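First the proteins, then the strands, lettered A, B, ... as listed; each starts at 1. Just so you know, these numbers come straight off a predicted model, no measurement behind them.
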Amino acid sequence: MALTYEPISTTTLSSAANSITFSSIPATYTDLHLVVTTLGATGDYISIRFNGDTSTNYSWIIGGMDNTGTFQQKATGQAQGRIGNSMNSATIPTVTRTDIFSYAGSTYKTVNSTSGSDINGSGEVRVFTNMWRSTAAINSILLRGDAGANFAIGTKATLYGIKAA
Amino acid sequence: MAVSRVSTSSIKQGFPKSRSMLIGNAAYVPGAYESIATVNGTGSSGTISFSSIPSTYKHLQIRYNARCASGAITDHYIRFNGDTGGTYTKHWVFALDSGGLYTSSTTSTTPPSLGYIQGYDTYPTTGGVVDIHDYTSTSNAKTIRYLTAGDEQSTGSQGAIVVGSALWMNTTNAINQIELVLASSNWSSSSSFSLYGIKGD
Amino acid sequence: MGSTYSLISATTLGSNASTVALNSIPQTYTDLVLRFSLRISSGNPLNGYNLRFNSDSSAIYSSRFYAYDGGLYFNYDTGSNAFASVVANGGTSTAGAYTSAELYIPNYTNSSSKPFIYSEAAENNSTSAVSKISGGLYRNTSGITSVNFSNATFAAGSTFYLYGVKDS
């Protein structure tokens, strides 16, 4: 029996890697919650794919601030979603908290994130919302650099399940 | 009564004794985050209600995945204990929608808006998380923080993000009812709302 | 056996206090979540205060935020001696209004710098209110063992709930 708030899996990179994957995600929860601390000095956003889907089934909106002021961005028909700020440092993580609502249901999937990065002189604080236009239950999640950059050693991602009454 | 742990070596050496029922094991720490109730939309009502909320937690969190049945984008509000009066405030850090990025502030207002619910796509495409601190207080006003956001691709232009907070200026009553109310139309039957409690003792 | 999301400590101020210290934080969790409701007894509707870790007043804090603060507002600080992006309701703010906030610190026991996300609502029945999202950094490689509030008189009725989250 699933508890209300329960860890499903954790990955911490012991060497640089192109992606982090959560597979065989059980369908026993209501929502998923991801906590990701990413390292890398590449400037790449943190992106997400579900169930290996690389088709243009993702869209997003981003709002917040960066070094110069307010920030907004919108994209449709993308091959991956965007959930977190760019990786600005190999030693100071970007923190991203992501909610994936009704992930096991037969509807499109809404994914909302808050991401903060501060490396004592630059960084961003932003909110992301994504839609994955698929009615399939999410059974795998792939995290990657938006343009293919590696995550640095020490990057960590934990997937939690949240179960409603 | 002494509690004994038995092993081969202990049998040889004589039973070790412990005054603790745990006998070296870690104490169980119960979870603080619990599910209280789930309510689904019906397609025929614009109000979702959590009633008889137990007072045994310190904080509440509402998580929802929702759609407006009208097929358009619609505002939605939060209301406590049926209070419809001008006893609320609302401040949005920002809203981002087809009109761009902006902020909003209302005072002495009727139940405050939490942002926009999409209806363009067939499925629920707005996710919301609302946090309510110290909801049982009978001396403090009730502050909430929220993020509601969702994109849609039917038109490609009607997604929205709202980050904000609100205050229910009632200092004498614990929250025992929460309603999420659409400004117009109904919650689709595919909408789902879950209430969680976070313990503080 | 521990649960995933567990209460570490609960503190309620029975009377005004010039400091609040959440000490002896066990190093057995993965992330920390601090939920607090805070009011400052002094007269302004909004007041700053100091939030520090491990009573550390070194100039190793930085943060950036966007907020409603009379309008859309963003700012950042570097090399500060406290997490500076914090404000709380003061004595002339709406009666009974306490600032609600959540501070999320992942991997707080790591031997590396500590980034965190902070969400704050200093609500007030006026435009003198703050609603904010911050990303911050505490550049200390020691585990966080305490969270310390200072540089203000914190009002009775303020509450602090510290939770630990385990990733396995």
Query raised in the report: Is chain A contacted by the side chain of C/Pro115, its backbone, both, or neither, given a heavy-atom distance below 4.5 Å?
Result: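 When you check distances to chain A, atoms from both the backbone and side chain of C/Pro115 fall under 4.5 Å.
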Report task. Would you mind checking which part of C/Thr30 comes under 4.5 Å of any heavy atom in chain A, side chain (CB onward), backbone (N, CA, C, O), both or neither? Result ->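 Contact with chain A involves the side chain of C/Thr30 alone.
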Query raised in the report: Minimum heavy-atom separation for A/Met65 to C/Asn75, with atom names?
Result: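 For A/Met65 and C/Asn75, the tightest heavy-atom pair comes out as CE-O, 4.0 Å.
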Requested in this report: Specify the closest pair of heavy atoms between C/Thr4 and A/Glu6, including all atoms of both residues, with the distance to one decimal.
Outcome: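 Smallest interatomic distance, heavy atoms only, reads OG1-CA, 3.5 Å.
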Requested in this report: Could you go through the side-chain contact (heavy atoms from CB on, under 4.5 Å) check for A/His33 and C/Val165 one step at a time?
Outcome: CA-CA 12 Å; A/His33 187 72; C/Val165 179; over 6 Å; no
Measuring heavy-atom distances to chain C, does [X] have an atom under 4.5 Å in its side chain, in its backbone, in both, or in neither?
X	result
A/Thr68	backbone
A/Val35	side chain
A/Thr37	side chain

Would you say [X] and [Y] make side-chain contact, with heavy atoms under 4.5 Å?
X	Y	value
C/Asp167	A/Tyr160	yes
A/Ile92	C/Leu137	yes
C/Tyr66	A/Val127	yes

Quick one: pull up [atom1] in [X] and [atom2] in [Y] and give me the separation to the nearest 0.5 Å.
X	Y	atom1	atom2	answer
A/Thr10	C/Lys166	OG1	NZ	11.5 Å
A/Arg97	C/Ile117	CZ	CD1	7.0 Å
A/Asn120	C/Tyr61	CG	OH	13.0 Å
A/Thr114	C/Tyr118	OG1	OH	14.5 Å

Query - Contact winner vs chain C - A/Gly69, A/Ser115, A/Ser9, A/Gly121, heavy-atom pairs under 4.5 Å - result: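 Highest number of pairs under 4.5 Å: A/Gly69.
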Report task. Apply side-chain contact (heavy atoms from CB on, under 4.5 Å) to A/Thr70 and C/Leu72, showing your working. Result -> CA-CA 9 Å; A/Thr70 59; C/Leu72 182 57; 3.6 Å; yes
Query raised in the report: Around C/Tyr163, counting heavy atoms of other residues, nucleotides and ligands shown, do more than 12 lie under 6.0 Å from its OH?
Result: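 Atom OH in C/Tyr163 is crowded, with more than 12 foreign heavy atoms closer than 6.0 Å.
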Query raised in the report: Quick one: do the C/Ser63 and A/Asp118 side chains pair a donor with an acceptor below 3.5 Å?
Result: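 Side-chain D/A pair, C/Ser63 to A/Asp118: absent.
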